[in-house]
Visitor: 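This structure is in structure tokens; I'll ask about it shortly.
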There are 2 protein chains.
Amino acid sequence: MKKETDILDSCDPRQCISMKMLKCNRIISQIFREHLKEFGITNSQLTVLFIASKREYLNQAMLSEMLYLEKSTISRNMKRLFDKEFISREEFPQLKITEKGKEFLRLVIPKWNSAMEEAKAKLKEEGLQSLDSLLYQLEN
Amino acid sequence: MKKETDILDSCDPRQCISMKMLKCNRIISQIFREHLKEFGITNSQLTVLFIASKREYLNQAMLSEMLYLEKSTISRNMKRLFDKEFISREEFPQLKITEKGKEFLRLVIPKWNSAMEEAKAKLKEEGLQSLDSLLYQLEN
DNA sequence: TAATTTAGGTTGTATATACAACTCACATTG
DNA sequence: CAATGTGAGTTGTATATACAACCTAAATTA
């Protein structure tokens, strides 16, 4: 009787790309969360705020495409930014950062910089290049 | 009157490491979600199942440390795996994959392989190396 | 003009995640 | 032995996320 190899034994889940990515993501997120927590803002919210501060015209569909997030996700994240009055939508569907939002960003950026420094120190030059390379491969 | 440079203008949020990582993560997660959805299992759950299939002894604290997840997160994720009867905990706190869990894994692995293939095709050799390099920098 | 399509969002429901506060069982120590 | 501490999990509460189903208004078309 020939014994078949169990697929469970021959499979090497340590190579799982999704798991590796999730782990990287959690380590980096943790650094930013730590630095940002005193301001009661999350990575995701800060990202949107940054984009709104730079873009001339912006709506939720654009954010969704830029960040690879489902439109419902964006909708709920925006709700929190509307509540904080960091973003307004007086001329629907256009999103605009408010003065309050800008002031908040000016306040937070120094801490965002320290989070960036900590992350850079951890990644080193090699890791930074790897991240850029990774994103480049995934987006192209 | 000297005009100070606005920190908002001098800041380049496109370089945000956290945002880049989140984007990479979402793109990869999407690939795996797509391939796995027919089985009603998520990346996170599959990862735990894989680990449980390989480890002699395992408890939630170990999972937490291995995956950089908060213990409460693990607790809730485990709940779903207990409910599906893929993992059991008869000798608390030891976690064991069940026969049902193993059978499920054997069923899913081919699809996991196709997700891996799609991800590899997207990352190419360069992206794969970048991901390994990234995780290495972050874990060491 | 009435019907249909489409762009843009929202809401229901589910999983994933974190932090803080808690429980519970067992070990250590006074 | 009682008090205290510690390891391991759980629960409350909040944000982040996805998918499916829905809504609304504007454009297109029959």
Side-chain angles (χ1 to χ4, degrees), chain A residues 18-19 21-49 57-84 86-95 115, chain B residues 18-19 21-49 57-84 86-95 115:
Chain A
S18 174
M19 185 194 66
M21 201 68 238
L22 282 163
K23 285 170 77 168
C24 288
N25 189 39
R26 286 173 199 136
I27 295 170
I28 290 295
S29 289
Q30 196 155 26
I31 294 173
F32 282 78
R33 236 190 349 264
E34 185 68 27
H35 285 262
L36 297 175
K37 69 177 174 196
E38 64 178 294
F39 298 105
I41 192 105
T42 63
N43 292 351
S44 290
Q45 288 174 30
L46 190 59
T47 297
V48 171
L49 219 46
Y57 179 85
L58 187 67
N59 64 24
Q60 295 188 186
M62 290 166 71
L63 277 174
S64 176
E65 192 178 357
M66 276 187 262
L67 300 174
Y68 308 102
L69 285 171
E70 226 277 334
K71 57 188 179 165
S72 62
T73 300
I74 296 288
S75 176
R76 288 179 165 108
N77 291 356
M78 291 316 300
K79 168 109 179 49
R80 288 178 273 267
L81 289 167
F82 292 150
D83 288 349
K84 287 178 175 161
F86 290 163
I87 303 271
S88 72
R89 188 174 51 179
E90 278 153 35
E91 301 155 67
F92 184 99
Q94 183 174 14
L95 305 170
Chain B
S18 174
M19 184 195 65
M21 197 59 115
L22 282 163
K23 285 170 76 168
C24 289
N25 189 38
R26 287 173 198 136
I27 295 170
I28 291 294
S29 289
Q30 196 155 26
I31 294 173
F32 282 78
R33 238 191 346 265
E34 185 68 28
H35 285 263
L36 297 176
K37 70 178 173 196
E38 64 178 293
F39 298 104
I41 192 106
T42 62
N43 292 351
S44 290
Q45 289 174 28
L46 190 59
T47 297
V48 171
L49 219 45
Y57 179 86
L58 186 68
N59 64 23
Q60 293 189 187
M62 289 166 71
L63 277 174
S64 176
E65 192 178 357
M66 277 187 261
L67 299 173
Y68 309 102
L69 285 171
E70 226 278 334
K71 57 188 178 165
S72 61
T73 300
I74 296 288
S75 175
R76 287 179 165 109
N77 291 357
M78 292 315 300
K79 167 113 179 49
R80 288 177 275 267
L81 289 168
F82 292 149
D83 288 349
K84 288 177 175 162
F86 290 163
I87 303 269
S88 72
R89 189 174 50 182
E90 279 152 35
E91 301 154 66
F92 186 98
Q94 183 174 13
L95 305 170

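We name chains A, B, ... by the order of the sequence lines, and we start the count at 1 in each one.
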Visitor: Listed by chain and number, what are the side-chain contact (heavy atoms from CB on, under 4.5 Å) partners of A/Glu91, not counting sequence neighbours?
Guide: A/Gln94, A/Lys96
Visitor: More 5' along DNA chain C: A/Leu95 or B/Asn43, using each one's nearest nucleotide?
Guide: A/Leu95
Visitor: Please list, by residue number, the residues of residues 62-80 of chain A whose heavy atoms come closer than 4.0 Å to an atom of DNA chain C; answer none if no residue qualifies.
Guide: A/Lys71, A/Ser72, A/Ser75, A/Arg76
Visitor: Report yes or no: do B/Ser18 and A/Asn43 form a side-chain donor-acceptor pair below 3.5 Å?
Guide: yes
Visitor: Partners of B/Glu70 by side-chain contact (heavy atoms from CB on, under 4.5 Å), sequence neighbours excluded?
Guide: B/Ser72, B/Thr73
Visitor: Just wondering, are more than 12 heavy atoms of other shown residues or ligands nearer than 6.0 Å to CD in B/Glu90?
Guide: no
Visitor: Once you round to the nearest 0.5 Å, how far does OG of A/Ser29 lie from CG of B/Asn25?
Guide: 8.0 Å
Visitor: Over how many whole Å does the gap from B/Glu91 atom CD to C/dA25 atom C1' extend?
Guide: 17 Å
Visitor: At their closest point, which heavy atom of A/Leu69 faces which heavy atom of B/Arg26, and how far apart are they?
Guide: CD2-NE, 3.0 Å
Visitor: Regarding A/Asn59, tell me which of base, sugar-phosphate or nothing describes its non-hydrogen contacts under 4.0 Å with the strands shown.
Guide: sugar-phosphate
Visitor: Would you jot down, in residue-number order, the residues of residues 25-36 of chain A having a non-hydrogen atom under 4.0 Å from DNA chain D?
Guide: none
Visitor: Could you tell me if the side chain of B/Arg89 sits less than 4.5 Å from the side chain of B/Asn59, heavy atoms only?
Guide: no
Visitor: Mind checking side-chain contact (heavy atoms from CB on, under 4.5 Å) for B/Ser75 and listing every partner two or more places apart, or none if nothing turns up?
Guide: B/Gln60
Visitor: Anything under 4.0 Å to a heavy atom of chain A counts; send over the first and last such nucleotide of DNA chain D, read 5' to 3'.
Guide: D/dT15 to D/dA20
Visitor: Is there a side-chain contact between A/Lys37 and A/Arg33, using heavy atoms and a 4.5 Å cut-off?
Guide: no
Visitor: Are side-chain heavy atoms of B/Val48 and B/Leu63 found at a separation under 4.5 Å?
Guide: yes
Visitor: If each of A/Thr42 and B/Lys37 is mapped to the nucleotide of DNA chain D with the nearest heavy atom, which maps nearer the 5' terminus, i.e. the 5' end?
Guide: A/Thr42
